[in-house]
Visitor: 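My questions will all concern the structure given below.
Basis for what follows: all heavy atoms, side chains included, without hydrogens, waters or symmetry-related copies. Note on naming: letters A, B, ... go to the chains in the order of the sequence lines (proteins, then strands), and numbering restarts at 1 for each one. Since the structure is predicted, the reported quantities are computational estimates derived from the model, not experimental observations.
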Number of protein chains: 2
Amino acid sequence: MAISNRQAVHPDRRLLRRQQTIEEALDAAVAIMEEAGVGGLSMSEIARRLGMRQPSLYKYFPSLHAVYDALFARGVERSGAAIQAAVQAARQEGHRGVVPIRAAGRALVRWAVENPALAQLLYWRPVPGFAPTAATFAPSVRLMDQLRAGFAAAVQAGELHPSAASDEAPRLFTIVLSGLISQQMANEPGAGYDTGMFTSLTDAALEMFFARYTLPGGTGAGPRG
Amino acid sequence: MAISNRQAVHPDRRLLRRQQTIEEALDAAVAIMEEAGVGGLSMSEIARRLGMRQPSLYKYFPSLHAVYDALFARGVERSGAAIQAAVQAARQEGHRGVVPIRAAGRALVRWAVENPALAQLLYWRPVPGFAPTAATFAPSVRLMDQLRAGFAAAVQAGELHPSAASDEAPRLFTIVLSGLISQQMANEPGAGYDTGMFTSLTDAALEMFFARYTLPGGTGAGPRG
DNA sequence: GTCTATACCGTGATAGAC
DNA sequence: GTCTATCACGGTATAGAC
């Protein structure tokens with residue numbers, strides 16, 4: 001930590017250090033948003049928590065919008081990772097078709113409840129001027145595409161009614177997930193996934209959804225377990 | 001408008017005038033929120049649009065929070081009125097049980113899309129410090145109670161499966177409605193109820209919901225029309 | 001009931017010394 | 001890369017004249 005050591009720091013080490021500071025700043029930003037609301041974020045408060053002065057933060061982020069951008073990117077990345085992990089786990093257990101889709105839904109709801117600030121930033125529009133044009137629609141569009149493909153595959157496998165290979169099915173699916181998340185976060189913000197008044201109905205809600213597209217004599221789960 | 005006329009104004013006229021100004025202020029506030037987001041509301045901007053100076057507004061509202069409170073109350077009142085009107089209309093056509101509940105769902109989604117700012121204030125938590133304690137839960141609790149009663153009546157009438165007389169049914173119902181509203185407002189804010197990517201699925205979503213509680217040999221609508 | 005004036009604070013952002 | 005200092009701006013809220 002001695003000043004004379006500074007010049008001995010390698011360039012990549014310096015980059016690493018810089019990246020660490022950026023990550024710390026984003027961690028602090030998430031904490032602030034969880035305490036004061038998504039709109040309560042400010043450069044000053046981030047800097048305060050990092051133990052630095054507010055102008056110094058501008059060496060890492062050119063503006064407050066840039067911070068929101070980075071947070072948005074983090075949210076996309078982490079929620080996507082949570083979903084992918086759940087889908088992979090289901091697949092490695094040999095499941096195809098509906099089961100991985102179910103797993104994806106559960107994973108998203110769980111992630112949203114455990115990351116309310118990022119979820120709010122991703123799925124609502126709480127910040128007046130902020131809208132990451134391409135990045136805003138990219139994840140939801142990509143998720144929608146993957147979903148559509150998943151439903152089509154399940155139909156192809158004879159697991160779902162042909163009407164599931166449509167625009168309606170993936171949209172209804174996201175409606176159900178979004179409803180679970182919104183109701184939970186609005187009415188019982190503190191609760192966890194398993195104990196939440198609404199998120200504990202995730203499996204029931206998914207049953208309700210899949211029942212709409214289950215074949216009459218299908219081997220899938222019935223309307224009520 | 002002459003100054004000498006001021007003393008001729010009756011007390012109740014003055015009260016009326018005051019109430020009009022308050023309503024105008026709330027109208028302006030709604031407009032601001034629709035343009036700049038719920039968090040973008042400020043006393044200064046309201047005053048600006050009313051053509052008065054910002055300190056003058058404090059004669060009508062003691063604080064910004066009080067404005068939010070009044071807006072919240074207006075939202076509760078108007079959304080409730082929209083729902084009540086829809087239910088009454090259904091009843092006057094002789095419908096009982098499921099049909100009025102369906103009508104209530106449609107009315108709420110429609111109202112939310114047509115009043116995005118108030119809906120956001122009511123159903124999300126966009127303002128950091130604001131939470132109208134008793135008033136926050138009162139409407140959602142009351143709605144839940146009415147819903148529960150409606151489902152119980154439909155079960156009693158043999159129109160729905162007994163499992164609809166539960167905590168699950170009204171919660172799933174609000175989950176579906178909340179999902180419709182959230183997805184529409186987040187992904188396609190400008191669209192109307194009839195043309196919206198998500199709100200146009202309202203009937204399909206309600207079908208999906210009621211199918212879960214429809215009796216096997218019931219006379220109600222089937223899973224797919 | 002509206003106004004001017006003001007106190008006070010926090011914010012985002014920039015310049016320039018070290 | 002961090003700091004001090006500063007700017008310009010907007011906000012909430014109050015005091016007091018008219």
Side-chain angles (χ1 to χ4, degrees), chain A residues 1-25 28-29 32-33 35-71 127-130, chain B residues 1-25 28-29 32-33 35-71 127-130:
Chain A
M1 283 296 182
I3 291 176
S4 59
N5 271 349
R6 282 234 191 125
Q7 292 172 349
V9 174
H10 296 160
D12 52 340
R13 288 273 298 165
R14 204 161 45 193
L15 263 174
L16 187 75
R17 185 91 180 79
R18 181 182 168 81
Q19 202 56 41
Q20 280 177 350
T21 305
I22 288 177
E23 292 300 317
E24 278 174 38
I32 295 165
M33 289 161 86
E35 292 168 24
V38 173
L41 186 63
S42 75
M43 295 294 266
S44 319
E45 187 58 29
I46 297 172
R48 212 168 285 136
R49 302 208 181 187
L50 288 194
M52 63 170 60
R53 304 293 167 183
Q54 171 248 23
S56 304
L57 200 55
Y58 280 81
K59 292 290 173 184
Y60 300 95
F61 300 97
S63 70
L64 179 61
H65 261 55
V67 177
Y68 275 121
D69 256 335
L71 288 168
V127 184
F130 175 67
Chain B
M1 283 298 182
I3 292 175
S4 59
N5 271 349
R6 280 229 192 130
Q7 294 171 347
V9 174
H10 296 160
D12 52 340
R13 288 272 301 162
R14 205 161 47 197
L15 262 173
L16 187 75
R17 184 92 182 78
R18 180 181 169 82
Q19 203 54 41
Q20 279 177 351
T21 306
I22 289 178
E23 292 301 316
E24 278 173 38
I32 294 165
M33 290 161 87
E35 292 167 24
V38 174
L41 186 63
S42 73
M43 295 293 267
S44 318
E45 186 59 28
I46 297 173
R48 212 168 285 135
R49 301 208 181 187
L50 288 195
M52 62 169 64
R53 303 297 165 181
Q54 173 251 17
S56 306
L57 201 55
Y58 280 81
K59 292 290 174 184
Y60 300 95
F61 300 97
S63 70
L64 179 60
H65 260 55
V67 176
Y68 275 121
D69 255 336
L71 288 168
V127 184
F130 174 67

Visitor: Could you tell me the separation between the NZ atom of B/Lys59 and the CG atom of B/Leu57, rounded to the nearest 0.5 Å?
Guide: 12.0 Å
Visitor: Classify the nucleic acid contact of A/Tyr60 as base, sugar-phosphate or nothing, counting any heavy atom under 4.0 Å across all strands shown.
Guide: sugar-phosphate
Visitor: Using side-chain heavy atoms (C-beta onward) and a distance below 4.5 Å, is B/Ile22 in contact with B/Gln19?
Guide: yes
Visitor: Find the distance A/Arg53:CZ to C/dG12:P and express it as a whole number of Å.
Guide: 16 Å
Visitor: Find the distance between CZ (A/Phe61) and CE (A/Met43) and round it off to the nearest 0.5 Å.
Guide: 7.5 Å
Visitor: Can you measure from CD (A/Gln20) to CG (A/Leu15) and round to the nearest 0.5 angstrom?
Guide: 11.5 Å
Visitor: Separation of B/Leu57 atom CG from D/dG10 atom P, in whole Å?
Guide: 18 Å
Visitor: Starting at atom CZ of B/Phe61, determine the distance to atom P of D/dT14, rounded to an integer number of angstrom.
Guide: 16 Å
Visitor: Kindly compute the distance separating CE (A/Met33) from CG (A/Leu41), expressed to the nearest 0.5 Å.
Guide: 6.0 Å
Visitor: Can you give me the N/O atom pairs linking the protein to nucleotides 11-13 of chain D at distances under 3.5 Å, or say none if there are none?
Guide:
{"residue": "D/dG11", "atom": "OP1", "partner": "B/Ser42", "partner atom": "OG", "Å": "3.1"}
{"residue": "D/dG11", "atom": "OP2", "partner": "B/Ser44", "partner atom": "OG", "Å": "3.4"}
{"residue": "D/dG11", "atom": "OP2", "partner": "B/Arg48", "partner atom": "NH2", "Å": "3.2"}
{"residue": "D/dT12", "atom": "OP1", "partner": "B/Met43", "partner atom": "N", "Å": "3.0"}
{"residue": "D/dT12", "atom": "OP2", "partner": "B/Met43", "partner atom": "N", "Å": "3.2"}
{"residue": "D/dT12", "atom": "OP2", "partner": "B/Ser44", "partner atom": "N", "Å": "3.3"}
{"residue": "D/dT12", "atom": "OP2", "partner": "B/Ser44", "partner atom": "OG", "Å": "3.2"}
{"residue": "D/dA13", "atom": "OP2", "partner": "B/Tyr58", "partner atom": "OH", "Å": "2.9"}
{"residue": "D/dA13", "atom": "OP2", "partner": "B/Leu64", "partner atom": "N", "Å": "3.2"}
{"residue": "D/dA13", "atom": "N7", "partner": "B/Gln54", "partner atom": "NE2", "Å": "3.1"}
{"residue": "D/dA13", "atom": "N6", "partner": "B/Gln54", "partner atom": "OE1", "Å": "3.3"}

Visitor: Could you tell me the separation between the CD atom of A/Glu24 and the P atom of D/dG1, rounded to a whole number of Å?
Guide: 13 Å
Visitor: In terms of the nearest nucleotide of DNA chain D, which residue is placed more toward the 5' end: B/Lys59 or A/Ser56?
Guide: A/Ser56
Visitor: Could you tell me how far apart A/Ile22 (CD1) and D/dT2 (P) are, to the nearest whole angstrom?
Guide: 11 Å
Visitor: Can you measure from CZ (B/Arg49) to CD (B/Glu24) and round to the nearest 0.5 angstrom?
Guide: 13.5 Å
